[in-house]
Engineer: 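Have a look at the structure that comes next, please.
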Amino acid sequence: MAKIISIKEAMGMIQDGMSIMIAGFLAVGTPEKLVDALVEKNTKNHTLIAISTAYPNKGSGKLVVNKQIKKAIVSHIGTNPEAGRQYINDEMEIEFVPQGTLVERIRCGGFGMGGFLTPTGVGTEIEEGKQRISIDGKDYLLEKPLRADVSFIRAHKADKNGNLTYRKAARNSNVVMATAADITFVVADEIVEVGCLDQDEIMTPGIFVDYLVQG
Amino acid sequence: MAKIISIKEAMGMIQDGMSIMIAGFLAVGTPEKLVDALVEKNTKNHTLIAISTAYPNKGSGKLVVNKQIKKAIVSHIGTNPEAGRQYINDEMEIEFVPQGTLVERIRCGGFGMGGFLTPTGVGTEIEEGKQRISIDGKDYLLEKPLRADVSFIRAHKADKNGNLTYRKAARNSNVVMATAADITFVVADEIVEVGCLDQDEIMTPGIFVDYLVQG
Amino acid sequence: MNNREIIARRVAQEFEDGDFVNLGIGIPTLSTAYLPEGVNVVLHSENGHYNFGPLTCEEDKDPDSINASGELCVVRNGGVFFDSTVSFDIIRGGFIDKTVLGALQVDQEGNLANWKIPGRVVPGIGGGMDLVVGAKKVIIAMEYTAKGEKKILKKCTIPMTATGEVDMIITEKAVFERENGVLVLKETYPGVTVEEIRELTEAGFTVDENLKTMSI
Amino acid sequence: MNNREIIARRVAQEFEDGDFVNLGIGIPTLSTAYLPEGVNVVLHSENGHYNFGPLTCEEDKDPDSINASGELCVVRNGGVFFDSTVSFDIIRGGFIDKTVLGALQVDQEGNLANWKIPGRVVPGIGGGMDLVVGAKKVIIAMEYTAKGEKKILKKCTIPMTATGEVDMIITEKAVFERENGVLVLKETYPGVTVEEIRELTEAGFTVDENLKTMSI
């Protein structure tokens, strides 16, 4: 069951070299407060797992600009020129993953699966180093699970048990990332009492959430 | 986008030998009207894909009692003695699948994946005929996708585009089964106008639904 | 106190406040009647919810609200409904702290057999195989023997549910835990001797140096 | 009419009323401006919704409502929000009727290259690889050549996005479809000759016996 902590307490659990999932799509769904606090903490050598490196001044991109990321596992960096610069200058390693494969690998990581077979990437560079398996005459790549040490999630509403709802397009990668890290930190737009959320409409059950981080 | 049709029109699309997914857990979430109509139609040699064979007089079990099922792919038959009887007398074939594996295989079938790796069943009878794959030192079974010709889904509310919500424990296998059949038939407790459902709270997007079946 | 109650009372001592648990029908479910003061557990149900409990009044009756045994139930404040994939993602993903199940046979390697007796109609697998593989701690709650036949064996002789997953065995005569791959006798019921346990057990086991008496 | 408009107008003719489509930025998205009367398409956005459109008034502005290009948008009546896995399940599962994307190179085997130019900074893959593999029909919308260089080749020379998935190529000079694994020239723009197409094309192709003039 989720525990409510301060940003300071949250940052106390993060160390150099940890892998970090940052939820959001082009920063929509990203808990900026946690990212800002991590920029301030200035830990280094993180592995970033995110849909993209977002923007230089928004979302996960701020950690790139502050040179805290050693390796990024993302589907896109095009909106963050600094990510491109660090990449071509070998200052940051990038593993490009097709977006559908990325979120499904995270799902496998959260849910105890050893991987899944996708037709995406067959016959492309993405196939390198991967097993190709044919099922009923069609070829697939075996893609492996992804997990992280910590994840940063923004929710719309959270009850005090950590049950979460998201709003509009701010849901995106948050649902899977909330399940696949050893420690899940959530910043909610609003924290409500247990019982205030409709039991049918909770999008992330609280069992997945470790900490609700308060302002 | 979903089309609204009558039960008679729905039954017109079902033929002997088709595979049928019947949503529900011990009949909760099963559209009894469609099952009853299929009993009346009395088509034969179906492959049933369901969590269980439910009860003799409720849910998918009625098709078993009426001897319409040639093969059942289920996780449990214990609540339907007639299923047990047909099974030991070789009147009906049964493929027992662990429940978590069953729903995930259906998910793969609906979503274009060639399969997934699960630790469930490693070292048991369930492993027979399956590939064992080791990922980072842990063993998994490669489980393949499941699809059906038609699926029977009960929803709580449906809008006229086929967007669905479910209520309480009646959600269970309905979400995945709505995605993995060539033709998806839905009976809703209530059909509402487009726009009446909250866009954040739809549990099955209408893109998966072919037909809303009216009383 | 009958065997079922002894076992259920001992199982109840294993729970910590806030544990997410999935309990098999019979003795495992009965154990919740004996939870220590101040200990509350969250019950997960395979069909798609957690934090359920029995009906408390007539108004609670809702045909869409059943547990995995098919009984009407209430999902309490803080509970959540979800679909079957999420339910088993929770299980397979290791979010269940403890699962308690019955067994036909258990062996010294931690193998479990509880779904199929050759020659008899198989009721099915249900969620059992996923639970035993996925839960953080697997506790077997069962009577020590079945009509005089040994159940704790060197190697299961009937089809297995999972291999090497059993962490603890709680019976009316003794409690075992698996430590470093070895079955260790941790507790005996008042009046039951280690010799008696050896006679009723085919499996090899060691006796804990701090062997305790089961206190119910 | 410039090349972009010619291509966008021709792309728009491919849509049927009710189609679920996912459109790349640029010409593909521009095509919706030229939908025939009575044809409405449902736009799917990788980040997690469908049936979106541009803002219609100041009140629609909502920072949580963006499309996959990061632009503020409105999800219209009948539209749905979902998470990223569902978004790509829709794509990979074959529920998208048509996807329209640009290309750096296409070849006669239906291979597509549109994500990486060796030696240049790669912006990324995004949802492109999944879309091309998953959508029922893959339409490439692009200018015929890039600064004089041929783009419709015997075999792509830069890293591919997917193999054998391209169904149709729409350009300002000609329209091709792949039929039984062969590239077939179906239409030419008024004034463009088959000979001119041959000169500008490295790929082998056949000419449809009912070769038509592109009508925009």
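In what follows, every chain begins at residue 1, and chains take the letters A, B, ... in the order their sequences are listed.
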Engineer: Between V97(A) and chain D, with a heavy-atom cut-off of 4.5 Å, which part of the residue counts as in contact: side chain, backbone, both or neither?
Structural biologist: backbone

Engineer: Can you name the closest pair of heavy atoms from C108(A) and F116(A) and give their distance?
Structural biologist: SG-CD2, 3.7 Å

Engineer: Heavy atoms only: give me the nearest N47(D)-N67(D) pair and the separation to one decimal.
Structural biologist: OD1-C, 3.6 Å

Engineer: Any side-chain heavy-atom pair from I153(A) and V175(A) closer than 4.5 angstrom?
Structural biologist: no

Engineer: Measure the acute angle between the ring planes of F152(A) and F185(A), then classify it against the limits of 30° and 60° as parallel, tilted or perpendicular.
Structural biologist: perpendicular

Engineer: With rounding to the nearest 0.5 Å, note down the distance linking CZ in F81(D) to CG in N172(A).
Structural biologist: 11.5 Å

Engineer: In terms of heavy-atom pairs under 4.5 Å with chain A, which of I91(D), V122(D), V75(D) leads?
Structural biologist: V122(D)

Engineer: Would you indicate whether E91(A), at its atom CD, is surrounded by more than 12 heavy atoms from other residues, nucleotides or ligands within a distance under 6.0 Å?
Structural biologist: yes

Engineer: Based on non-hydrogen pairs under 4.5 Å, which of G84(A), A83(A), A169(A) is most in contact with chain D?
Structural biologist: A169(A)

Engineer: Centre-to-centre under 6.0 Å for F208(A) and F111(A), is that the case here?
Structural biologist: yes

Engineer: From L102(A) CG over to T85(D) OG1, what is the distance, rounded to the nearest 0.5 angstrom?
Structural biologist: 11.5 Å

Engineer: Specify which of K116(D), R120(D), H49(D) makes the most heavy-atom pairs with chain A at under 4.5 Å.
Structural biologist: K116(D)

Engineer: Select all residues of residues 157-168 of chain D having any heavy atom within less than 4.5 Å of some heavy atom of chain A, and report them by number, or 'none'.
Structural biologist: P159(D), M160(D), T161(D), A162(D), T163(D)

Engineer: For K150(D) and T145(D), which heavy atoms make the closest approach, and how far apart are they?
Structural biologist: CA-CG2, 4.4 Å

Engineer: So for S87(D), is it side chain, backbone, both, or neither that comes closer than 4.5 Å to the heavy atoms of chain A?
Structural biologist: neither

Engineer: In terms of relative ring orientation, are F176(D) and F205(D) parallel, tilted or perpendicular, with 30° and 60° separating the classes?
Structural biologist: perpendicular

Engineer: What are the two closest non-hydrogen atoms of M129(D) and P98(A), and how far apart are they?
Structural biologist: SD-CG, 3.8 Å

Engineer: Might you confirm whether atom NZ of K70(A) has over 12 heavy atoms from other residues, nucleotides or ligands at distances under 6.0 Å?
Structural biologist: no

Engineer: Compare every heavy atom of G121(A) with every heavy atom of T124(A), then report the nearest pair and how far apart it is.
Structural biologist: OG1-O, 2.8 Å

Engineer: Could you grab the distance from atom CG of N45(A) to atom NZ of K67(A), nearest 0.5 Å is fine?
Structural biologist: 13.5 Å

Engineer: Would you mind checking which part of A113(D) comes under 4.5 Å of any heavy atom in chain A, side chain (CB onward), backbone (N, CA, C, O), both or neither?
Structural biologist: neither

Engineer: Would you mind checking which part of I126(A) comes under 4.5 Å of any heavy atom in chain D, side chain (CB onward), backbone (N, CA, C, O), both or neither?
Structural biologist: side chain

Engineer: How many angstroms lie between NZ in K44(A) and CG in L63(A), if you round to the nearest 0.5 Å?
Structural biologist: 10.0 Å

Engineer: Quick check on the structure: residues of residues 133-150 of chain A within a heavy-atom distance below 4.5 Å of chain D, by number.
Structural biologist: none

Engineer: Between Q68(A) and N66(A), is any side-chain donor less than 3.5 angstrom from a side-chain acceptor?
Structural biologist: yes

Engineer: Taking 4.5 Å as the heavy-atom cut-off, does anything in residues 46-61 of chain A contact chain D, and if so which residues?
Structural biologist: I51(A), Y55(A)

Engineer: Is it true that atom NZ of K186(D) has more than 12 heavy atoms of other residues, nucleotides or ligands lying nearer than 6.0 Å?
Structural biologist: yes

Engineer: Where do A170(A) and R154(A) come nearest, in terms of heavy atoms and distance?
Structural biologist: CB-NH1, 4.0 Å

Engineer: Under 6.0 Å between ring centres, would you say that holds for Y87(A) and F96(A)?
Structural biologist: yes

Engineer: Determine the option with the most heavy-atom pairs under 4.5 angstrom with chain A, choosing from V80(D), L131(D), I66(D).
Structural biologist: I66(D)

Engineer: So how far is it from M21(A) CE to I106(A) CD1, rounded to the nearest 0.5 Å?
Structural biologist: 4.5 Å

Engineer: Could you please spell out the steps behind the side chain to side chain contact (heavy atoms under 4.5 Å, CB included) verdict for I7(A) and K33(A)?
Structural biologist: CA-CA 8 Å; I7(A) 286 208; K33(A) 279 182 193 171; 3.8 Å; yes

Engineer: Go through P63(D), G126(D), G127(D) and name the one with the most non-hydrogen pairs under 4.5 angstrom from chain A.
Structural biologist: G126(D)

Engineer: Identify which part of S45(D) has an atom lying under 4.5 Å from any heavy atom of chain A, answering side chain, backbone, both or neither.
Structural biologist: neither

Engineer: Could you tell me which of G100(A), G29(A), G78(A) has the largest number of non-hydrogen atom pairs under 4.5 Å with chain D?
Structural biologist: G100(A)

Engineer: Would you say that more than 12 heavy atoms from the other residues, nucleotides or ligands in this model lie under 6.0 Å from the NZ of K137(D), or not?
Structural biologist: yes

Engineer: Using a heavy-atom cutoff of under 4.5 Å, enumerate the residues of residues 11-28 of chain D that contact chain A, numbered in order, or state 'none'.
Structural biologist: none

Engineer: Could you tell me which portion of I88(A) (side chain, backbone, both or neither) has an atom closer than 4.5 angstrom to a non-hydrogen atom of chain D?
Structural biologist: side chain

